Amino acid sequence: MFCLSIIKDTMAIHPANFGAPVDEALISEINKKYANRVLHDVGLCICVFDLSQAGEGKVRYGDGFLWYKVVFRMVVFRPFTSEVLIAKVKSSDEEGIRLTVGFFDDMYIPASYLPQPSAFDSNERAHFWLPDSTLTTTTELLDTPVSERMYIDQSEVVRVRVESDEFYDDEPGPPKVMEGVQVKRESKRAPYSVCCSIAEQGLGPVAWWNGAMQVEEGDEMDEGS
């Protein structure tokens, strides 16, 4: 889920911080610049792990800052493909489920990666799974008794597998115009998102499988006696 990324940059220390140890001042400035920032093809920066190199501070003409060329290791959030994570359900709609891990909310489970057969209940605003069912259409699934459905509710803790991740670079600038007509800009997308799945045994709400394990343990004890 977390990895270390080596980054090079040139950082400035304000004159007010000249009295502080150089390493501490540089790490503080690096965290201000990079923490909670997405670097394309790298991931979501969390904090500085350590400072590998720091050159000699130099003053540039026109300001009183000390500028340092630095090399540092950054703790980065970027789960790898097939990694299993624990997350919470943030919201649900017809297209799928949005997840959160507390500090990162752009994780999604598309409807195609839910256990089948499943459907979205608009009244409950939640998806549900109907295990051991042969029904296939959404209409048929929504006609089933609520007591037979296994809902994936908001704030529920779920175990998911990472399928892929995607970086998106939103181009800045004025609205584009084609043949005198202003082109409608696409809705703003997250700079980094993670696609997940729960369509396998052991994945999905943790409570589903905790209950199954307790039943299996109970059966083993009965056989032993």
Side-chain angles (χ1 to χ4, degrees), residues 1-60 62-91 96-110 113 154-172 187-198 203 205-206:
M1 181 162 62
F2 296 101
C3 58
L4 294 178
S5 182
I6 299 174
I7 301 174
K8 297 179 181 180
D9 202 349
T10 301
M11 304 299 301
I13 295 181
H14 192 276
N17 298 321
F18 285 173
V22 174
D23 286 5
E24 291 182 12
L26 286 172
I27 288 174
S28 176
E29 292 301 321
I30 294 169
N31 280 328
K32 287 179 186 177
K33 180 177 180 179
Y34 285 91
N36 203 32
R37 174 183 171 189
V38 172
L39 295 183
H40 198 77
D41 289 333
V42 176
L44 175 67
C45 297
I46 305 299
C47 65
V48 175
F49 182 76
D50 62 13
L51 193 62
S52 303
Q53 297 177 24
E56 184 179 350
K58 296 182 179 180
V59 178
R60 291 179 178 175
D63 66 29
F65 291 78
L66 271 178
W67 293 83
Y68 293 83
K69 289 185 177 180
V70 295
V71 179
F72 55 93
R73 291 192 294 175
M74 175 69 66
V75 178
V76 173
F77 172 75
R78 189 180 184 183
F80 57 83
T81 302
S82 296
E83 183 175 2
V84 175
L85 305 177
I86 297 294
K88 275 189 177 183
V89 175
K90 185 176 179 68
S91 61
I97 299 173
R98 185 176 185 181
L99 307 171
T100 179
V101 288
F103 58 88
F104 182 71
D105 296 341
D106 294 308
M107 299 177 65
Y108 302 91
I109 306 174
Y113 282 136
Q154 186 173 350
S155 299
E156 189 147 26
V157 177
V158 292
R159 185 180 289 111
V160 301
R161 189 187 72 179
V162 176
E163 293 291 334
S164 63
D165 61 0
E166 181 183 11
F167 291 90
Y168 178 72
D169 191 8
D170 190 15
E171 297 181 4
S187 56
K188 192 171 182 180
R189 292 172 55 185
Y192 178 55
S193 59
V194 179
C195 176
C196 303
S197 168
I198 58 171
L203 301 180
V206 173

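Being a predicted model, the structure only gives us computed values, none of them experimental.
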Got a sec: does the CZ of F72 have more than 12 other heavy atoms crowding it under 6.0 Å? yes
Within a strict 4.5 Å, meaning less than it, do heavy atoms of the L44 and N36 side chains meet? yes
Heavy-atom closest pair, residues L203 and I198: CB-CA, 3.7 Å
To the closest 0.5 Å, what do you measure between SG (C45) and CZ (F77)? 12.5 Å
Side chain to side chain, Y34 and V48, heavy atoms closer than 4.5 Å: no
Nearest heavy-atom pair of C47 and M74: which atoms, and what distance? O-SD, 2.9 Å
Work out which heavy atom in M107 is nearest to a heavy atom in C196; give both atom names and the distance. CE-SG, 3.7 Å
Minimal heavy-atom distance between A25 and N17, with the atoms involved, is CB-O, 4.4 Å
Measure the shortest side-chain to side-chain distance between V71 and I7 over non-hydrogen atoms and say whether it is less than 4.5 angstrom. no
Closest heavy-atom contact between T81 and E163? CG2-O, 3.4 Å
Sidechain-backbone polar pair: D41 side chain, F167 backbone, donor-acceptor under 3.5 Å: no
Please report the interatomic distance NZ(K88) to CD1(I97), rounded to the nearest 0.5 Å. 15.5 Å
Give the ring-plane orientation class for F104 versus Y192, where under 30° counts as parallel, over 60° as perpendicular and anything between as tilted. tilted
Rounded to the nearest 0.5 Å, how far apart are OG of S197 and CD1 of I109? 7.5 Å
CD1 of I27 to CD of E29, rounded to nearest 0.5 Å, is 11.5 Å
Under the salt bridge (Lys or Arg N to Asp or Glu O under 4.0 Å) rule, what do E56 and K58 come out as? Steps first, then yes or no, please. CA-CA 6 Å; E56 184 179 350; K58 296 182 179 180; over 6 Å; no
In short, F65 meets A12 closest at the heavy-atom pair CD2-CB, 3.9 Å
Yes or no on salt bridge (Lys or Arg N to Asp or Glu O under 4.0 Å) for R98 and D106, after CA distance, side-chain angles and deciding distance? CA-CA 7 Å; R98 185 176 185 181; D106 294 308; 3.1 Å; yes
Mind checking whether I13 and F18 have side chains closer than 4.5 Å, heavy atoms only? yes
Candidate pair L51 and V70, rule side-chain contact (heavy atoms from CB on, under 4.5 Å), full reasoning: CA-CA 8 Å; L51 193 62; V70 295; 4.2 Å; yes
K33 atom NZ, over 12 foreign heavy atoms within 6.0 Å: yes
So does K90 get a backbone contact from the side chain of Q154, meaning a donor-acceptor N/O pair under 3.5 Å? yes
Show your reasoning for whether side-chain contact (heavy atoms from CB on, under 4.5 Å) applies to L4 and V75. CA-CA 5 Å; L4 294 178; V75 178; 3.9 Å; yes
Nearest 0.5 Å please: distance from the CD atom of E166 over to the OG atom of S193. 5.0 Å
Say you draw a straight line from CG of L85 to CE of M1; how long is it, rounded to the nearest 0.5 Å? 6.0 Å
Would you call D165 and P79 a side-chain contact if the rule is heavy atoms closer than 4.5 Å? no
Taking the side chain as every heavy atom from C-beta outward, state whether V89 and L99 have any pair of such atoms under 4.5 Å apart. yes
Do V59 and L66 touch side chain to side chain, with heavy atoms closer than 4.5 Å? yes
